[in-house]
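Take a look at the structure below.
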Amino acid sequence: MVGGIGFGVCLSFVALLVVGTYSAAAGLASAAGGAVGLAKGAVPALYQPLVQKWGTYCPALNPAMLAAQLYSESGWKTTAVSPVNAQGIAQFMPATWATHGIDGNGDGKRDIWDPADAIPSAASYDCELAKYVKDVPGDASDNMLASYNAGAYAVIKYNGVPPYAETQGYVKTIRSLEKSFAAPVGRVQPSQQAAGAIYYAQQKLGTPYLWGGEGTAEQGGRFDCSGLTQAAYQSVGITLPRVANDQYNAGPHPARNELLPGDLVFFSTDLGNSRAIHHVGLYVGGGYMINAPYTGAVIRFDKIDAPDYFGATRVTKDGAAALPTLKPGA
């Protein structure tokens with residue numbers, strides 16, 4: 001992701017960064033029902049009312065969990081088609097749709113390509129599975145997600161999430177992504193890798209910006225905005241997606257007054273839509289970030305206060321690992 005925020009001046013000093021020990025409360029409320037709200041802009045505005053409404057369809061489901069499933073399946077692409085012919089924003093197989101698709105918008109049609117039908121159908125299918133496994137011990141939401149991946153029979157047979165690597169990985173992925181789509185309750189836990197990521201970025205101060213730059217030798221070690229943040233977190237063992245609007249989903253979202261050094265800070269042309277993010281920087285404290293601003297500038301400190309400030313993400317290893325690898329046009 002490349003971007004251009006045309007604000008800020010190059011500072012003539014490097015502030016001393018001290019990353020201490022922070023106390024923090026857990027980020028999510030109960031996993032069940034409507035107690036979990038959606039983080040600002042995490043779901044595209046066009047689909048947010050549907051996700052918010054249908055995400056409370058049963059106690060085992062919540063809006064953030066439904067959003068995580070949809071994002072994992074299609075990246076919000078209504079025309080997505082998988083190699084095995086799963087279709088639409090919810091990636092239903094045609095045979096599954098024939099049995100479980102519902103007319104969510106009441107227009108008399110069940111259209112697999114229409115989010116107004118597909119999103120309600122995804123929630124309805126989740127909750128149907130939850131009913132099948134309601135008497136199985138363990139977390140009701142985990143059992144529901146495991147049923148979605150492996151089938152309700154397997155969950156019943158094993159008295160919980162079955163010992164299949166794929167199924168256990170699927171449950172972990174959705175529960176991790178859920179934290180990125182949920183509006184946090186209380187303070188978000190601090191990152192353990194923040195100091196290392198900032199140290200890496202500090203070493204790049206003064207490096208000229210390069211559109212599409214990832215810091216390779218062929219590029220003269222130059223970066224664009226998301227190339228820099230990707231490399232900074234790669235240096236501490238966390239692999240982020242290449243573009244900024246996907247990096248936004250790599251962890252929970254602290255409020256503006258709860259930012260800590262190491263948080264990614266984002267800027268968007270549409271303050272209600274994370275998919276319109278055009279720039280990212282690495283917060284260092286005191287209202288400043290390290291960022292690669294635009295062509296002709298160098299990696300530098302800039303203030304984060306700007307009209308297009310969108311929000312922040314506290315990167316976690318599990319959150320980054322849960323992000324889907326979506327092929328263009330998939």
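These numbers come from the heavy atoms of this one structure, side chains and all, not from hydrogens, waters or symmetry mates. We count residues from 1, following the sequence as given.
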Taking all atoms of both residues into account, what is the closest heavy-atom pair of [X] and [Y], and its distance?
X      : Y      : result
Val171 : Ala146 : CG2-N, 3.8 Å
Ala250 : Ser180 : N-OG, 4.2 Å
Ala194 : Gly262 : CB-CA, 3.7 Å
Pro120 : Pro115 : CD-O, 3.5 Å
Gly196 : Ser235 : O-OG, 4.0 Å
Tyr57  : Cys127 : CD2-SG, 3.6 Å

Review point. Under 3.5 Å, is there a donor-acceptor pair linking the side chains of Gln247 and Asn245?
Key: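 Checked: Gln247/Asn245 side chains show no N/O donor-acceptor pair below 3.5 Å.
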
Practice item. Indicate whether the side chain of Gln69 and that of Ser72 have a donor and an acceptor atom separated by less than 3.5 Å. Key: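 No - no donor-acceptor pair under 3.5 Å links their side chains.
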
With rounding to the nearest 0.5 angstrom, report the [atom1] to [atom2] distance, [X] to [Y].
X      : Y      : atom1 : atom2 : value
Thr96  : Gln87  : OG1   : CD    : 11.0 Å
Asp224 : Glu214 : CG    : CD    : 7.5 Å
Ile238 : Lys317 : CD1   : NZ    : 6.5 Å
Met289 : Asp305 : CE    : CG    : 10.0 Å
Gln193 : Ile198 : CD    : CD1   : 12.0 Å
Asp308 : Thr269 : CG    : OG1   : 8.5 Å

Point to revise | Heavy atoms from other residues, nucleotides or ligands near NZ of Lys40 exceed 12 (cutoff 6.0 Å) | key: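 Yes, NZ of Lys40 has more than 12 neighbouring heavy atoms, counting only those of other groups under 6.0 Å.
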
Exercise for review: Flag yes if more than 12 heavy atoms outside Tyr164 fall under 6.0 Å of its OH atom; otherwise flag no.
Suggested key: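 More than 12 heavy atoms, drawn from other residues, nucleotides or ligands, come within 6.0 Å of this atom.
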
So do the side chains of [X] and [Y] get within less than 4.5 Å of each other, counting heavy atoms only?
X      : Y      : value
Arg175 : Ser141 : yes
Asn291 : Cys225 : no
Ile89  : Trp76  : yes
Leu38  : Pro63  : yes
Phe267 : Ile304 : yes
His100 : Ser121 : no
Leu259 : Arg256 : yes
Leu282 : Leu264 : yes

Practice item. Under the side-chain contact (heavy atoms from CB on, under 4.5 Å) rule, what do Val133 and Asp135 come out as? Steps first, then yes or no, please. Key: CA-CA 6 Å; Val133 297; Asp135 295 325; over 6 Å; no

Aromatic ring proximity, centroids under 6.0 angstrom, [Y] and [X]:
X      : Y      : answer
Phe266 : His278 : no
Phe181 : Tyr71  : yes
Phe310 : Tyr248 : yes

Review point. Passes side-chain contact (heavy atoms from CB on, under 4.5 Å), Tyr47 versus Ile119? Steps please.
Key: CA-CA 9 Å; Tyr47 310 129; Ile119 292 175; 4.1 Å; yes

Can [Y] be reached from [X] by stepping across I, L, V, M, F, W or Y side chains whose heavy atoms are under 4.5 Å apart?
X      : Y      : value
Met144 : Tyr153 : no
Tyr158 : Ile156 : no
Trp97  : Val81  : yes
Tyr132 : Val155 : yes

Review point. So Phe92 and Tyr125, would you call those rings parallel, tilted or perpendicular, with 30° and 60° as cut-offs?
Key: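 The arrangement is tilted - the two ring planes meet at 30° to 60°.
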
Review point. Any cation-pi pair here, Lys204 with Tyr200, using under 6.0 Å and within 45°?
Key: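 Judged by the rule (NZ or CZ under 6.0 Å from the ring centre, within 45° of its axis), Lys204 counts as positioned above Tyr200.
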
Taking [Y]'s backbone N and O only, do any of them form a donor-acceptor pair with [X]'s side chain (distance below 3.5 Å, no angle check)?
X      : Y      : value
Thr207 : Arg222 : no
His253 : Ala312 : yes
Asn143 : Pro137 : yes
Glu73  : Gln91  : no
Arg110 : Gly101 : yes
Gln219 : Gly215 : yes
Asp114 : Ala118 : no
Asn273 : Ala45  : no

Exercise for review: Show which residues join Val84 in its hydrophobic cluster (side-chain heavy-atom contacts under 4.5 Å, direct or indirect), or state none.
Suggested key: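 ILVMFWY cluster around Val84 also holds Met93.
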
Before accepting this row, confirm whether a basic side-chain N of the pair [X]/[Y] lies closer than 4.0 Å to the acidic partner's carboxylate O.
X      : Y      : value
Asp263 : Arg314 : yes
Asp126 : Lys131 : no
Asp142 : Lys172 : no

Point to revise | Partner set under ring pair (Phe, Tyr, Trp, His ring centres under 6.0 Å) for Tyr283, not counting sequence neighbours | key: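 With sequence neighbours excluded, Tyr283 shows a ring pair (Phe, Tyr, Trp, His ring centres under 6.0 Å) to no residue whatsoever.
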
Review point. Which residues satisfy the ring pair (Phe, Tyr, Trp, His ring centres under 6.0 Å) test with Tyr170, sequence neighbours excluded?
Key: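 Counting only residues at least two positions away or on another chain, Tyr170 forms a ring pair (Phe, Tyr, Trp, His ring centres under 6.0 Å) with Tyr148.
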
Practice item. Let me see the working for Val265 and His279 under side-chain contact (heavy atoms from CB on, under 4.5 Å), right down to the final yes or no. Key: CA-CA 8 Å; Val265 285; His279 188 69; over 6 Å; no

Practice item. Evaluate the side-chain contact (heavy atoms from CB on, under 4.5 Å) criterion for residues Ile299 and Leu228: first the C-alpha distance (whole Å), next the side-chain angles of each, then the deciding distance (0.1 Å), finally the verdict. Key: CA-CA 9 Å; Ile299 294 175; Leu228 176 64; 3.9 Å; yes

Practice item. Show your working on side chain to side chain donor-acceptor pair (under 3.5 Å) between Asn149 and Thr167 and close with a plain yes or no. Key: CA-CA 6 Å; Asn149 180 264; Thr167 302; 2.6 Å; yes

